[in-house]
Amino acid sequence: MTEPSPLLTLFQPEEVRRKAHLLLDRAVAGDLEHVAVSLDNLDRAIETVLETTRENYPDFQIPPYGLWRDLEAGGIDRWAALADARAFETAGEMLAAAADLAILGAFMTTLHPVNWSYEDRMTETRVTDRTASALAAFHMFAAGSFSAQMTDPYRVDAETLVRLDLKELAAGLQWDVRDNVDDLLEMQRHLKRLGEALALRPDLFGAEEATRPGLLAITLAQNGDGTVDAGDLLDRLLEGLAAVWDGGAALGDMCFGDSFHHSGLPGTAEETIVPFHLAAQEMVYSLVEPLAWAGFEITGLDKLTAPSDRAHAALFAHTGVLTVRDDGQDLLPDIATDRMIEIRAVSLALTDRLADRLAAELGAAPGDVPLTCILEGGTARAGTRILEQASGNKRMPGKFLNPGAVFWLPFGA
């Protein structure tokens, strides 16, 4: 079997994990410029996660991490209500619609106006951050904003993404056309780029006359003898949507998306690149349930990593495991990028350490408790709560994790 090119390994979750643990080891040794780690405080993080899990899932029957939990905000299963109303005739129809929404929802979790909150007016639920993005995407999806067929509103068509009207987008997001015009234009461009990327890869996203993101799940499911490999799904998403992941590291004509050069790593240019691929991995996590609903098993989920996001950074910062040495300082762009990489990579690797320790606390062997359940049961929820309750400099500022304001990364200021 031919070994993958060293450059192509940067798209693999195994390399995401390897580089993250490399930086964690350096942090533990005190060799990172911007981040320090105290593993002695990891028990505090575990206690916080277990407390959150017991509160939300006292029977420890934990569903997978992903978009669908955000769509249950306020205790309402919005997708179930939509699916009942639609009465899908086949599992394939349901899978295509749910996969469309899963990919779109992750794609729309981006930068947003400062202090943005979204109100689900039907249920009078007001939410912020990634849950706001998820509910906005859901309600626009349910209204047919992304469909090219009037008789079938619950779909995402490439041609509709390309020509999405700015006023309709503003109404759907509850953003002000005048006050938030720059954000709206960026989101409009973002969705147009998605539509264009889908149209360029009909082999991945096309079937008959349709071009939709969810058709990738259909194709892989049909070719997989009842199973879909998570690593293969991630690879296809990164390949097919390569055109939209701009703003990260690049070498020659190859762009690596959510990957960045760290000036303190030795070796060749490619060896200094630290990959994350947050948005694409979020898509895979959110496709687990649609595939299961349609009768397919997704394998290889253990290859995926924890989200390298603000919630996980906040969890470890709040519990004293992670310290940002230059917290509050404005840095030059290259130095700020190094800080961002260190925070994200170390938080990701610390989640692996926590997962192993948490499994032991529950009397299980490392790896026996799925990471996706640990994320949903505790780490993502605990970190999100910490951010919601924090204020001022106790919050993990979004600019730490997105100093270059890459639009498709989800970190706010």
Side-chain angles (χ1 to χ4, degrees), residues 20 23-24 27 32 34-53 55-56 65-66 69-70 73 109-112 114-117 127-134 258 276 278-279 281-282 285 305-329 331 336 339-355 357-358 371-372 374-403 405-406 409-413:
L23 286 170
L24 173 58
L32 287 187
H34 307 285
V35 167
V37 165
S38 174
L39 293 179
D40 291 341
N41 290 327
L42 193 58
D43 285 341
R44 291 177 57 191
I46 291 172
E47 290 170 7
T48 299
V49 169
L50 281 173
E51 180 182 337
T52 303
T53 304
E55 181 178 333
N56 290 284
Y65 169 79
R69 305 290 78 76
D70 291 311
T109 305
T110 62
L111 286 176
H112 51 70
V114 176
N115 298 324
W116 174 49
S117 65
V127 292
T128 60
D129 293 328
R130 60 171 286 151
T131 306
S133 295
D258 190 11
F276 298 103
L278 172 60
Q281 291 201 74
E282 292 277 1
Y285 277 122
T305 72
S308 52
D309 62 5
R310 196 159 58 114
H312 284 80
L315 168 64
F316 294 113
H318 176 77
T319 53
V321 184
L322 179 153
T323 301
V324 182
R325 297 183 193 274
D326 41 23
D327 189 351
Q329 294 184 29
L331 306 176
R339 177 172 63 185
M340 173 269 286
I341 293 168
E342 292 177 13
I343 294 172
R344 294 181 67 192
V346 169
S347 299
L348 187 160
L350 282 170
T351 307
D352 279 347
R353 293 280 188 101
L354 183 147
R357 295 268 294 275
L358 188 59
L371 178 61
T372 181
I374 289 174
L375 300 178
E376 169 53 32
T379 58
R381 281 187 177 270
T384 299
R385 173 179 291 183
I386 288 165
L387 286 170
E388 289 172 348
Q389 294 178 346
S391 61
N393 60 9
K394 292 184 179 180
R395 290 177 64 90
M396 177 62 65
K399 67 180 181 180
F400 281 14
L401 279 77
N402 194 2
V406 176
L409 287 178
F411 314 120

Between Met340 and Leu401 the two heavy atoms that sit nearest each other are CG-O, 3.0 Å

Sorted by chain and number, sequence neighbours left out, side-chain contact (heavy atoms from CB on, under 4.5 Å) with Thr351 holds for Ala306, His312, Phe316, Leu371, Leu375, Thr379

**Request:** Start with the C-alpha gap between Asp129 and His112, add the side-chain angles, then the distance that decides, and say whether side-chain contact (heavy atoms from CB on, under 4.5 Å) holds.
**Result:** CA-CA 8 Å; Asp129 293 328; His112 51 70; 3.7 Å; yes

With sequence neighbours left out, the residues meeting side chain to side chain donor-acceptor pair (under 3.5 Å) with Thr128 are none

With sequence neighbours left out, the residues meeting side-chain contact (heavy atoms from CB on, under 4.5 Å) with Val406 are Asn402, Trp408, Leu409

With sequence neighbours left out, the residues meeting salt bridge (Lys or Arg N to Asp or Glu O under 4.0 Å) with Arg130 are Asp70, Glu282

Sequence neighbours excluded, the answer for side-chain contact (heavy atoms from CB on, under 4.5 Å) partners of Thr305 is Val16, Arg17, Gln281, Leu348

For residues 39-51, the salt bridge (charged side-chain N to carboxylate O under 4.0 Å, His left out) pairs (sequence neighbours left out) are Asp43-Arg357

**Item:** Within-4.5 Å side-chain heavy-atom neighbours: Leu32 and Val37
**Value:** no

CG of Leu331 to CG of Asp326, rounded to nearest 0.5 Å, is 5.0 Å

Residue set satisfying side chain to side chain donor-acceptor pair (under 3.5 Å) with Ser308, at least two apart, ordered chain then number -> Arg344

Separation between CG (Leu24) and CG (Asp352), nearest 0.5 Å, reads 9.0 Å

Could you check whether any side-chain N or O of Thr53 sits under 3.5 Å from a backbone N or O of Gly377, counting only pairs where one atom can act as donor and the other as acceptor? yes

Scanning both residues in full, the closest heavy-atom pair of Arg310 with Pro397 reads CD-C, 4.4 Å

Sorted by chain and residue number, the side-chain contact (heavy atoms from CB on, under 4.5 Å) partners of Ala279 (sequence neighbours excluded) come out as Trp245

Taken in chain and number order and not counting sequence neighbours, the residues that satisfy salt bridge (Lys or Arg N to Asp or Glu O under 4.0 Å) with Arg353 are Asp25

Nearest heavy-atom contact between Ser347 and Ala313 is OG-CA, 3.3 Å

Any chance you could lay out the side-chain contact (heavy atoms from CB on, under 4.5 Å) test for Val35 and Ile343, step after step, and finish with the verdict? CA-CA 7 Å; Val35 167; Ile343 294 172; 3.8 Å; yes

> Should Trp116 and Ser133 count as side-chain neighbours, where that means a heavy-atom distance under 4.5 Å?
Replying inline: yes

Between Ala27 and Val346 the two heavy atoms that sit nearest each other are CB-CG2, 4.2 Å

Across all chains, not counting sequence neighbours, the ring pair (Phe, Tyr, Trp, His ring centres under 6.0 Å) partners of Tyr65 are Tyr285

Interatomic distance, NE2@His318 vs CG@Leu387, rounded to 0.5 Å, equals 10.5 Å

d(Phe411 CZ, Thr110 OG1) to nearest 0.5 Å is 11.5 Å

All heavy atoms of Ala314 vs all of Gly383, minimum pair found to be CB-O, 4.1 Å

One should read off an interatomic distance between Leu42 CG and Leu354 CG, to the nearest 0.5 angstrom, of 5.5 Å

Here the pair of heavy atoms bringing Thr52 nearest to Gly378 is CG2-O, 4.2 Å

Step by step, work out the side-chain contact (heavy atoms from CB on, under 4.5 Å) result for Leu350 and Leu39.
-> CA-CA 9 Å; Leu350 282 170; Leu39 293 179; 3.8 Å; yes

For Arg385, the side chain to side chain donor-acceptor pair (under 3.5 Å) test, sequence neighbours excluded, returns Glu55

